[in-house]
Amino acid sequence: MQHVDVRDMPFEPWQYLADWQARQLPDNARSGATAVFVGTMRDFNESDDVTGMYLEHYPGMTERQLATLVAEAAQRWSLDAALVVHRVGEILPAQPIVLVAVWSAHRAAAFEACRHLMETLKHTAPFWKRETLSNGTVRWVDRNTLG
């Protein structure tokens with residue numbers, strides 16, 4: 001089971017995770033491990049205070065790229081399920097941006113696949129970030145921060 005959701009509305013990652021797991025993996029006794037990463041917008045970047053960010057994507061292409069990343073992870077590790085949820089549009093500090101969750105029989109596969117998915121997503125998924133600083137300046141983000 002693999003699922004990708006690119007959404008322009010805020011979401012509560014733990015409720016999304018619980019709801020998805022209840023619908024898609026009811027009575028899941030196979031998975032001994034679940035690894036989860038939630039990325040949240042910081043209120044700073046490059047030593048500046050950030051008051052907001054607009055995250056753009058190319059509809060269709062971005063979802064396909066994320067689905068490809070999930071499928072590649074499922075081939076590399078023994079996964080029972082994988083979920084990627086990513087925000088686009090206007091995002092405020094402290095709001096969740098991304099949720100990555102993987103289920104596997106064993107923790108090593110779950111941890112490694114979750115980290116791989118998040119790092120690969122950060123470097124290859126087609127998202128463009130424009131942030132607004134506390135002084136009103138608007139700028140494009142030209143690189144990712146270190147993991």
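FYI, the numbering just counts along the sequence from 1.
Atom NE2 of residue His57 and atom CG of residue Asp8 lie 8.0 Å apart, to the nearest 0.5 angstrom. We find the CG-CG distance between Asp48 and Leu133 to be 5.0 Å, quoted to the nearest 0.5 Å. Summarising the geometry, atom OG1 belonging to Thr120 is positioned 11.0 Å from atom CG belonging to Leu66; distances are rounded to the nearest 0.5 Å. Expressed to the nearest 0.5 Å, how far CD of Gln21 lies from CG of Asn28 amounts to 7.0 Å. Within the model, atoms CG of Asp142 and NZ of Lys129 stand 11.0 Å from one another, a figure rounded to the nearest 0.5 Å.
Phe11 approaches Pro13 most closely through the heavy-atom pair O-CD, 3.5 Å. Closest approach of Glu56 and Trp140 over heavy atoms only: OE2-CH2, 3.8 Å. When all heavy atoms are compared, the tightest approach of Thr51 to Ser134 is CG2-CA, 3.6 Å. Smallest separation of non-hydrogen atoms from Gln95 and Pro10: NE2-CG, 4.1 Å.
The hydrophobic clustering, which links ILVMFWY residues whose side-chain heavy atoms are closer than 4.5 Å, places Val85 and Met53 apart.
Looking at heavy atoms from C-beta onward, Leu83 lies in side-chain contact with Tyr16 at the 4.5 angstrom threshold. Leu117 is not listed as a side-chain neighbour of Phe37, based on a closest heavy-atom distance of 4.5 Å or more. Residues Met41 and Arg87 form no side-chain contact, since every pair of their non-hydrogen atoms from C-beta on lies 4.5 Å or further apart. Under the 4.5 Å side-chain criterion, counting only non-hydrogen atoms from C-beta, Val38 is in contact with Trp14. You'll find the side chain of Asp43 stays beyond 4.5 Å of the side chain of Val50, heavy atoms only.
The ring-ring contact (aromatic ring centres under 6.0 Å, His included) test applied to Phe127 returns His86, not counting sequence neighbours. With sequence neighbours excluded, no residue forms a side-chain hydrogen bond (donor to acceptor under 3.5 Å, both in side chains) with Thr68.
Contacts classified as salt bridge (charged side-chain N to carboxylate O under 4.0 Å, His left out) and involving residues 15-37 (residues at least two apart or in different chains) are given here: Arg30-Asp80.
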Self-check item: Stepwise side-chain contact (heavy atoms from CB on, under 4.5 Å) test for His3 and Gln24
Solution: CA-CA 10 Å; His3 182 72; Gln24 302 300 324; over 6 Å; no
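Applying the side chain to side chain contact (heavy atoms under 4.5 Å, CB included) test between Glu63 and each of Asp5, Val6, Val84 identifies Val6 as the sole match.
Cluster partners of Met9, using a side-chain heavy-atom cutoff of under 4.5 Å among ILVMFWY residues and allowing indirect links: none.
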Contacts table for residues 97-111: side-chain donor-acceptor under 3.5 angstrom, sequence neighbours left out:
from	atom 1	to	atom 2	distance (Å)
Trp103	NE1	Thr34	OG1	3.2
Ser104	OG	Ser78	O	2.6
Ser104	OG	His106	N	3.4

Which pairs would a plain distance check flag for residues 69-77, meaning a side-chain donor or acceptor within less than 3.5 Å of a matching protein atom at least two apart in sequence or in another chain?
from	atom 1	to	atom 2	distance (Å)
Trp77	NE1	Glu112	OE1	3.0

